[in-house]
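Quick note: numbers below take in every heavy atom, side chains included, and nothing from hydrogens, waters or symmetry partners. Start at 1 and go down the list; that is how both ligands and their atoms are numbered.
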Amino acid sequence: MPALVVMGVSGCGKSSLGEAVARELGWTLIEGDDFHPPANKTKMATGQPLVDADRIGWLDRLGREVQAHPDGAVLTCSALKRSYRERLRAAAPGLRFAFLDLDIATAQARVSGRNAHFFSPTLVSSQFEALEPPSGEPGVLTLDATLPLHTLVAAAATHALHGPTATKEAT
Ligand SMILES: Nc1ncnc2c1ncn2[C@@H]1O[C@H](COP(=O)(O)OP(=O)(O)OP(=O)(O)O)[C@@H](O)[C@H]1O
Ligand SMILES: O=C(O)[C@H](O)[C@@H](O)[C@H](O)[C@H](O)CO
């Protein structure tokens with residue numbers, strides 16, 4: 001089942017890239033934030049980081065969403081820890097990942113600059129504490145999240161279609 005997860009910390013550009021890659025490939029976009037239960041959104045809006053127990057049911061739901069779109073899906077999902085990615089891989093074998101790698105200062109600036117978003121800017125540092133970078137795991141392309149969107153789209157779409165051997169890391 002062809003599927004790509006666009007992953008990384010809050011503000012790295014998952015929604016921007018995910019939407020553009022899904023359009024480029026004609027695949028279904030699954031916006032991970034839309035599937036957080038209300039309790040998770042309330043926690044994040046009030047400055048409380050999610051813990052494993054908050055994320056497990058959400059990840060399982062996202063795995064089912066990917067399974068429901070066997071013709072091609074782009075999933076935006078923070079997928080911060082290796083165990084979370086393994087959970088998604090178990091649901092969708094062969095899943096590919098595009099990791100948007102961003103420094104904390106730029107993430108902070110991007111998240112603070114957003115209006116009307118549920119995610120509290122005070123949580124950015126907790127995202128970096130939770131992050132276990134996926135380098136070395138199967139099917140992962142690491143991208144410099146400060147590159148222009150059109151460069152990221154081209155690299156991520158090639159990776160989604162052809163896998164790691166076809167893609168030179170755009171970092
Ligand atoms: N490649 C890029 N270069 C510069 N700015 C970008 C890039 N991609 C996204 N941005 C900007 O960064 C901000 C965050 O982007 P976006 O909402 O796509 O990130 P996100 O990872 O989905 O965030 P969250 O998970 O918190 O919703 C937005 O203001 C967006 O316009
Ligand atoms: O696992 C998490 O902590 C969450 O998925 C966050 O990453 C946010 O939902 C997202 O980035 C929106 O700002």
Beyond-backbone contact of Arg89 with Pro138, side-chain heavy atoms, under 4.5 angstrom | yes
More than 12 heavy atoms of other residues, nucleotides or ligands under 6.0 Å from CD of Glu19: is that the case?
-> no
Say whether Gly18 and ligand 1 are in contact under the criterion: heavy-atom distance to a ligand atom below 4.0 Å.
-> no
Is it the side chain (CB and beyond), the backbone, both or neither of Leu17 that lies under 4.0 Å from ligand 1, heavy atoms counted?
-> neither
Could you check atom 9 (O) of ligand 2 against the protein and tell me its nearest heavy-atom contact, residue, atom and distance included?
-> Asp33 OD1, 2.7 Å
Quick one: are Leu147 and Leu143 in side-chain contact, heavy atoms under 4.5 Å?
-> no
Of the side chain and backbone of Ala145, name the one, both, or neither that has a heavy atom under 4.0 Å from an atom of ligand 1.
-> backbone
Atom indices of ligand 2 within 4.0 angstrom of His117 heavy atoms, with elements = 12 (C), 13 (O)
Per-residue contact class, Tyr84 against ligand 2 - non-hydrogen pairs under 4.0 Å = neither
Got Thr28 and Glu65 here, is their nearest side-chain heavy-atom distance under 4.5 Å?
-> no
Under 4.0 Å to a heavy atom of Leu152 - the qualifying atoms of ligand 1, by number = 1 (N)
Return the residue, atom name and 0.1 Å-rounded distance of the protein heavy atom closest to atom 13 (O) of ligand 2.
-> Ser10 OG, 3.0 Å
Are Ser16 and Leu152 close enough that some pair of their side-chain heavy atoms sits under 4.5 Å apart?
-> no
Which bit of Arg110 gets closer than 4.0 Å to ligand 1, counting heavy atoms only: side chain, backbone, both or neither?
-> side chain
Should Leu75 and Val6 count as side-chain neighbours, where that means a heavy-atom distance under 4.5 Å?
-> no
So the atoms of ligand 1 within less than 4.0 Å of a heavy atom of Ser15 turn out to be 18 (O), 20 (P), 22 (O)
With heavy atoms of Asp33 as the reference, note each atom of ligand 1 found under 4.0 Å away.
-> 25 (O), 27 (O)
Dump the intermediate steps for salt bridge (charged side-chain N to carboxylate O under 4.0 Å, His left out) on Asp33 and Lys41, then the final yes or no.
-> CA-CA 9 Å; Asp33 277 344; Lys41 287 205 170 180; over 6 Å; no
Top protein contact for atom 7 (O) of ligand 2, by heavy-atom distance | Gln127 OE1, 2.9 Å
Sub-4.0 Å protein heavy atom near atom 2 (C) of ligand 1 = yes
Among Gly8, Cys12, Ser16, closest by any non-hydrogen atom to atom 9 (C) of ligand 1 = Ser16
Any side-chain heavy-atom pair from Asp101 and Asp144 closer than 4.5 angstrom?
-> no
Should you measure from each heavy atom of His36, which atoms of ligand 2 turn up under 4.0 Å away?
-> 4 (C), 5 (O), 9 (O)
So do the side chains of Asp54 and Lys43 get within less than 4.5 Å of each other, counting heavy atoms only?
-> yes
Can you tell me which residue and heavy atom of the protein come closest to atom 26 (O) of ligand 1, and the distance to 0.1 Å?
-> Ser10 OG, 2.6 Å
Of Leu4, Leu149, Val74, which is the lone residue that meets side-chain contact (heavy atoms from CB on, under 4.5 Å) with Leu17?
-> Leu149
For atom 20 (P) of ligand 1, what is the nearest protein heavy atom, given as residue, atom name and distance?
-> Lys14 N, 3.4 Å
Flag, side chain of Gln108 to backbone of Val124, donor-acceptor distance under 3.5 Å | no
Atom indices of ligand 2 within 4.0 angstrom of Ser78 heavy atoms, with elements | 1 (O), 2 (C), 4 (C), 5 (O), 7 (O)
Of the choices His117, Met7, Arg114, which has the non-hydrogen atom that lies closest to atom 17 (O) of ligand 1?
-> Arg114
Report, in ascending order of atom number, the atoms of ligand 1 lying under 4.0 Å from any heavy atom of Val9.
-> 21 (O)
Examine the side chains of Ser10 and Gln127 and answer whether a donor and an acceptor come within less than 3.5 Å of each other.
-> no
Carefully, step by step, assess Leu161 and Trp27 under the rule side chain to side chain contact (heavy atoms under 4.5 Å, CB included).
-> CA-CA 11 Å; Leu161 290 174; Trp27 292 6; 3.9 Å; yes
With heavy atoms only and a cut-off of under 4.0 Å, state how Thr76 meets ligand 1: side chain, backbone, both or neither.
-> neither
May I ask you to test the Thr76-Ile30 pair for a side-chain heavy-atom distance under 4.5 Å?
-> no
Residue and atom name of the nearest protein heavy atom (relative to atom 19 (O) of ligand 1), distance in Å to one decimal = Gly13 N, 3.1 Å
What protein heavy atom is closest to atom 14 (C) of ligand 1, reported as residue, atom name and distance in Å?
-> Gly11 O, 3.8 Å
